[in-house]
Amino acid sequence: MEVRVSNIRKEFDRYPALHDVSLDIRSGELIALLGPSGSGKTTLLRLIAGLEQPTRGQIFFGDEDASLKSVQERHVGFVFQHYALFRHMTVADNIAFGLTVRPRGDRPSKAEIRRRALELLDMVQLSGLEKRYPNQLSGGQRQRVALARAMAIEPKVLLLDEPFGALDAKVRKELRRWLRDFHERTGHTTVFVTHDQEEALELADRVVVMSQGRIEQVGSSDDVYDRPNSSFVFSFIGDSAHIPVTLAGGQALYEGTPIGVAADGAGEAILFFRPQDVALVSEGVGLSGTVTASRRLAGTRIAELDVGTPGQSHHIEIEIPLDAVANIGSEIRFRPTRWKLFES
């Protein structure tokens, strides 16, 4: 099922949570809505679900305008961060709930409902646990039950709001891999909200980066990481360092000195680069920084540097070889090997 969000604006007490947002989601696609708190990602998900109504704009499911339809009429499956399972019901009854409350004429037989619940339990790798209650399950198991319950109604679109946010890091990583495999088996159009960039980059076919109620960039993991289109996306996705520079004579200058960065145009700009995208140099053009701290990170070392004139320096981090000298107070000279320039 294709989903199209067209020029959506959402206000709460006249405060705009979303500003003229448009987004096309392809059928069978796994989309991540990624952004900091207050960026509008959960509001957009709730609008797609029908849990909120837009102030202006439309939402289409296929060719059908679903903007004013209820959650039930949109036929979506919704998975919440904290599971929202019924504690007094068994696992099987939780999964079957959406089917048992359907109008009588649309309700499957008891035998069909049980068959469907057991089939889904097998699909989420929880066979044999149908008689247990939620408090007898681990957090990861409960979240899989919540997903099975959302799938039981055979939704047109599956929506997940911070689905792994309540779980510890190890379980989150395991469930990420499991959800990707599950999506590839079922092929549902799926939209999930997260503030965890690693989660978004690992899972999604495309990532929607949001900030202050607007979409900053939509693209693959490679697009948003390697080809960010704004300073916000560059700084939000992955680790980054940035310093102010002046563009003149086809190059970037820091404090009036060339730093080995080619650049068109003239005027003030901000130079962004990743900590790992640097090369150490012994002399010639480059940046020089004073080591304030260093720490080992797997097979490399992270050096914290103060770059520039004392009192006006900029604090950055770069990745250096383990055997590089990084004593506190020592000088490290380097130049970026990959970078992006944005207007200041």
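Just so you know, these numbers come straight off a predicted model, no measurement behind them.
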Main-chain N/O of [Y] paired to [X] side chain as donor or acceptor, under 3.5 Å:
X: Asp223; Y: Ser220; answer: yes
X: Arg142; Y: Leu137; answer: yes
X: Arg4; Y: Ser6; answer: no
X: Thr309; Y: Gln312; answer: no
X: Gln217; Y: Arg227; answer: yes
X: Glu199; Y: Asp196; answer: no
X: Glu119; Y: Arg116; answer: no
X: Lys10; Y: Glu52; answer: no
X: Gln197; Y: Gly238; answer: yes
X: Thr90; Y: Arg132; answer: no

Closest contact, heavy atoms only, [X] versus [Y]:
X: Phe192; Y: Ala204; result: CE2-CB, 4.3 Å
X: Ile259; Y: Arg335; result: O-CB, 3.8 Å
X: Leu175; Y: Gln143; result: CD1-CB, 4.2 Å
X: Phe232; Y: Pro36; result: CZ-CD, 3.8 Å
X: Leu160; Y: Leu45; result: O-CD2, 3.6 Å
X: Leu287; Y: Pro336; result: CD1-CD, 4.4 Å

Less than 4.5 Å apart, side chain to side chain, heavy atoms only: is that true for [X] and [Y]?
X: Leu280; Y: Pro321; result: yes
X: Leu129; Y: Gln141; result: yes
X: Leu85; Y: Val145; result: yes
X: Arg74; Y: Ile59; result: yes
X: Pro155; Y: His188; result: yes
X: Tyr133; Y: Val91; result: no
X: Val218; Y: Val207; result: no
X: Arg180; Y: Glu184; result: yes

Between [X] and [Y], do the side chains contain an N or O donor and an N or O acceptor separated by less than 3.5 Å?
X: Thr246; Y: Glu268; answer: yes
X: Thr292; Y: Asp306; answer: no
X: Thr290; Y: Glu331; answer: yes
X: Tyr254; Y: His314; answer: yes
X: Asp65; Y: Ser67; answer: yes

More than 12 foreign heavy atoms under 6.0 Å from [atom1] of [X]: is that the case here?
X: Gln212; atom1: CD; result: no
X: Arg185; atom1: CZ; result: yes
X: Glu343; atom1: CD; result: no
X: Arg107; atom1: CZ; result: yes
X: Asp63; atom1: CG; result: no
X: Arg114; atom1: CZ; result: no
X: His242; atom1: NE2; result: no

With sequence neighbours left out, write down each residue that passes salt bridge (Lys or Arg N to Asp or Glu O under 4.0 Å) with [X], or none if nothing qualifies.
X: Glu2; value: none
X: Asp239; value: none
X: Lys110; value: none
X: Arg9; value: Glu11

**Report entry** Verdict with supporting geometry, Leu158 and Leu147, side chain to side chain contact (heavy atoms under 4.5 Å, CB included)
**Finding:** CA-CA 9 Å; Leu158 183 62; Leu147 182 59; 3.6 Å; yes
Taking a hydrophobic cluster as the set of Ile, Leu, Val, Met, Phe, Trp and Tyr residues connected by side-chain heavy atoms closer than 4.5 Å, whether directly or through intermediates, do [X] and [Y] fall within one such cluster?
X: Ile332; Y: Val281; result: no
X: Leu33; Y: Leu51; result: yes
X: Phe234; Y: Val261; result: no
X: Val76; Y: Ile153; result: no
X: Ile320; Y: Phe334; result: yes

Requested in this report: Output, in order, the C-alpha distance, side-chain angles, deciding distance and verdict of side chain to side chain contact (heavy atoms under 4.5 Å, CB included) for Val157 and Val3.
Outcome: CA-CA 8 Å; Val157 179; Val3 178; 3.7 Å; yes
**Report entry** Where at least one partner belongs to residues 311-322, residue pairs that pass salt bridge (charged side-chain N to carboxylate O under 4.0 Å, His left out), sequence neighbours excluded
**Finding:** Arg295-Glu317
From [X] [atom1] over to [Y] [atom2], what is the distance, rounded to the nearest 0.5 angstrom?
X: Gln53; Y: Ser70; atom1: CD; atom2: OG; result: 9.0 Å
X: His19; Y: Arg214; atom1: NE2; atom2: CZ; result: 4.5 Å
X: Arg206; Y: Ser221; atom1: CZ; atom2: OG; result: 12.0 Å
X: Leu44; Y: Ile8; atom1: CG; atom2: CD1; result: 8.0 Å
X: Leu271; Y: Ser231; atom1: CG; atom2: OG; result: 12.5 Å
X: Asp277; Y: Ser240; atom1: CG; atom2: OG; result: 11.0 Å

Requested in this report: Check step by step if salt bridge (Lys or Arg N to Asp or Glu O under 4.0 Å) holds for Glu202 and Lys173.
Outcome: CA-CA 10 Å; Glu202 180 181 334; Lys173 189 162 276 191; over 6 Å; no
Requested in this report: Name the orientation class of the two ring planes belonging to His88 and Phe86 (parallel below 30°, tilted from 30 to 60°, perpendicular beyond 60°).
Outcome: perpendicular
Query - Residues in ring pair (Phe, Tyr, Trp, His ring centres under 6.0 Å) contact with Phe182, at least two apart in sequence or another chain - result: Trp178
**Report entry** Cationic tip of Arg338 above Phe272 ring, under 6.0 Å, 45° of axis
**Finding:** no
